[in-house]
2 protein chains.
Amino acid sequence: MATCRKLTKQLVKEFLDSIDTILLDCDGVLWHSATPIPGAVDTINKLRSMGKQPLFVTNNSTKSRTQYLEKFNKMGFVVSKDEIFGTAYIAALYLKYKMNFSGKVYLMGSKGMEEEMKLHGIDFTGTGPDHSPDNVLEHTGEVTLDPEVKGVVLGFDHHFSYMKIMRAASYLNRPGSFFIATNEDPQFPVKGSDVVVPGTGSLVVPVETASKRRATVMGKPQRFMFECIQEKFKVDPTRTVMVGDRLSTDILLGKNCSLQTLAVLTGITNEEEILRCQGSESPEERRMVPDFYIESIGHLGKLIE
Amino acid sequence: MATCRKLTKQLVKEFLDSIDTILLDCDGVLWHSATPIPGAVDTINKLRSMGKQPLFVTNNSTKSRTQYLEKFNKMGFVVSKDEIFGTAYIAALYLKYKMNFSGKVYLMGSKGMEEEMKLHGIDFTGTGPDHSPDNVLEHTGEVTLDPEVKGVVLGFDHHFSYMKIMRAASYLNRPGSFFIATNEDPQFPVKGSDVVVPGTGSLVVPVETASKRRATVMGKPQRFMFECIQEKFKVDPTRTVMVGDRLSTDILLGKNCSLQTLAVLTGITNEEEILRCQGSESPEERRMVPDFYIESIGHLGKLIE
């Protein structure tokens with residue numbers, strides 16, 4: 001078990017014959033920030049023309065589905081809004097349909113998350129900048145909290161600050177409060193830069209530490225993401241592949257939902273990590289070994305005639 | 001082993017006869033924020049008049065020794081600067097004497113930490129507010145880093161922000177860089193408020209997560225704090241007691257340095273936690289059981305004739 005094969009010209013026909021649906025992570029698979037991965041647009045077009053259904057499955061909570069659609073279009077991808085599953089969207093689905101919640105939350109997140117909350121009738125407070133007053137430790141009694149807040153929803157928030165950790169931990173101290181996080185990715189995939197770009201996972205841990213609570217996580221590798229897809233597309237897991245650049249989220253989601261799995265090397269993971277996991281003593285690491293790997297999504301397109 | 005006794009009138013003479021030095025945590029033991037614990041000043045005076053040496057040992061990194069001295073004086077405590085050991089001060093000692101470091105660090109911390117760094121010849125950058133530009137994820141290539149920075153020093157910083165996590169993680173990605181944190185206390189002790197006040201421990205975890213590094217911790221329960229005390233006061237561990245309100249830092253420091261230990265119930269811990277640790281299956285939890293406990297430092301004073 002747990003052997004990973006490089007996807008080659010010889011293997012690609014058998015591989016494609018075995019799937020109807022291709023779930024694709026976005027950051028590090030289709031694009032880096034605002035730049036598409038070479039050949040990505042072409043590969044998606046080829047897969048569609050072969051009758052395969054591409055679906056876009058991202059832990060990135062910064063954008064609403066409408067904003068993602070704009071981003072896809074701008075880069076030349078042909079995509080419909082229904083095909084896009086981001087964690088801002090699925091967090092709203094979770095609150096509305098899983099929890100039947102319709103009150104107010106403390107929201108740490110982007111404009112995209114605000115938009116999805118509004119669309120699903122969830123009231124919120126807390127977004128935008130929230131800077132500390134000087135000597136905040138001597139004036140904590142003056143920190144105002146919203147009496148209506150029933151829980152905390154945490155996604156990527158570039159305004160993340162000390163005051164936000166304080167408010168979130170205080171709300172989570174209320175009896176019966178809930179704590180939802182979009183995802184736990186520690187960093188964004190970045191290539192060719194000295195800057196490490198912290199992801200939502202780096203924002204979840206301080207709130208968990210300060211509140212002594214664990215967040216309920218929406219995104220990959222949690223099954224809820226795939227439940228949302230199945231609700232809308234009735235996909236057959238045995239004829240579905242998950243394509244991603246991170247073993248601990250993308251590939252593990254595939255394993256958790258009994259899908260086929262394909263790793264690309266344009267983001268977080270590399271051959272070395274895959275080989276290390278393959279030879280690992282740890283069952284958790286062996287579980288993250290993909291069925292296949294390939295240099296990039298563009299290389300997959302090139303293998304298709 | 002691991003039985004904790006309540007300090008009573010009957011026990012107090014034997015207890016005091018067995019010690020020359022009394023190490024006292026500050027937050028939750030001597031004061032809450034700007035308010036002294038009732039009887040604290042009087043207790044310290046009584047201990048001094050009995051020939052006991054009080055030393056003040058705090059994980060709180062917000063103040064320099066000079067600033068602590070002012071705080072002590074304002075509340076009526078009679079204290080000399082040499083008797084004060086805070087983590088802003090000992091972090092500077094660590095850099096200067098343990099590491100023989102004299103270059104530049106990325107400093108996440110307060111004015112008090114700036115002061116101690118300056119006093120010990122450590123150059124720094126990064127303090128004060130550091131807010132994200134909008135769309136920071138699309139402009140990470142424009143984030144400026146200081147080429148001279150050799151490591152990260154993290155203490156309590158009420159300006160803690162997303163940009164600071166990003167910069168710290170980027171500096172920690174440099175080969176040979178070091179990562180020092182003043183302490184890991186997840187919260188400050190607060191009484192009678194709905195507001196949870198995150199401590200430095202809640203600021204260490206996001207930087208550790210984003211950088212995939214572990215910080216070297218200066219404060220309690222690490223032995224370095226006691227090494228700094230011994231360097232200056234030549235105390236005899238067997239005739240020293242550590243008094244504190246947190247089992248995982250104060251009491252554990254005492255255990256790590258073979259001191260006697262006394263817990264007070266005016267801060268983080270309570271009788272319930274002490275009893276739970278005493279009956280715990282976990283050796284780590286049993287190790288945190290203090291030798292004695294008492295309601296407050298003021299109650300100790302009352303037991304002394």
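Chain identifiers are assigned alphabetically (A, B, ...) following the order of the sequence lines, protein sequences preceding nucleic acid strands; residue numbering begins at 1 within each chain. Quick caveat: nothing in here was measured; it's all calculated off a predicted structure.
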Please confirm whether the backbone N or O of Glu70(A) pairs with a side-chain atom of Lys63(A), one donor and one acceptor, at under 3.5 Å?
no
Looking at Val190(A), Val136(A), Val197(A), which makes the most heavy-atom pairs under 4.5 Å with chain B?
Val197(A)
Of the backbone (N, CA, C, O) and the side chain (C-beta and beyond), which part of Ile165(B) lies under 4.5 Å from a heavy atom of chain A, both, or neither?
both
Heavy atoms only, distances under 4.5 angstrom: which of Lys212(A), Arg167(A), Met166(A) has the most pairs with chain B? Name it, please.
Met166(A)
Select one option (side chain, backbone, both, neither) describing which atoms of Glu138(A) are under 4.5 Å from chain B's heavy atoms.
both
Determine the sole option in Arg65(A), Met113(A), Glu115(A), Met218(A) for which the side-chain contact (heavy atoms from CB on, under 4.5 Å) test with Tyr89(A) is passed.
Arg65(A)
Per-residue contact mode, Leu137(B) against chain A (heavy atom under 4.5 angstrom):
both
Is there a donor-acceptor contact under 3.5 Å from the side chain of Ser161(B) to the main chain of Ser161(A)?
no
Chain B contact via Asp194(A) - side chain, backbone, both or neither, heavy atoms under 4.5 Å
both
Using non-hydrogen atoms only, which part of His158(B) is less than 4.5 Å away from chain A: side chain, backbone, both, or neither?
both
Under 3.5 Å, side chain of Ser64(B) to main-chain N/O of Gly112(B), donor-acceptor pair present?
no
Before accepting this row, confirm whether a basic side-chain N of the pair Arg213(B)/Glu208(B) lies closer than 4.0 Å to the acidic partner's carboxylate O.
no
Salt-bridge criterion met for Asp130(A) and Lys164(A) (N-O under 4.0 Å):
no
Max heavy-atom pairs within cutoff under 4.5 Å with chain A, candidates His131(B), Met163(B), His159(B), Arg174(B), goes to His131(B)
Got a donor-acceptor contact below 3.5 angstrom from the Ser202(A) side chain to the Pro186(A) backbone?
yes
Relative to the ring of Phe156(A), is the ring of Phe188(A) parallel (under 30°), tilted (30 to 60°) or perpendicular (over 60°)?
perpendicular
Can you tell me which portion of Ser110(A) sits under 4.5 Å from chain B's heavy atoms? Options are side chain, backbone, both or neither.
neither
Where on Tyr171(A) is there a heavy atom nearer than 4.5 Å to chain B: the side chain, the backbone, both, or neither?
neither
Does any heavy atom of chain A fall under 4.5 Å from the side chain of Thr140(B), the backbone, both, or neither of them?
both
Sort Asp134(B) into side chain, backbone, both or neither according to what part of it lies under 4.5 angstrom from a heavy atom of chain A.
both
Heavy-atom pairs under 4.5 Å with chain B - which of Ser132(A), Gly141(A), Pro198(A), Ser211(A) has more of them than the others?
Pro198(A)
Cationic N near anionic O, under 4.0 Å, Asp25(A) to Arg246(A):
no
At a 4.5 Å cut-off on heavy atoms, which part of Pro129(A) comes close to chain B: side chain, backbone, both, or neither?
neither
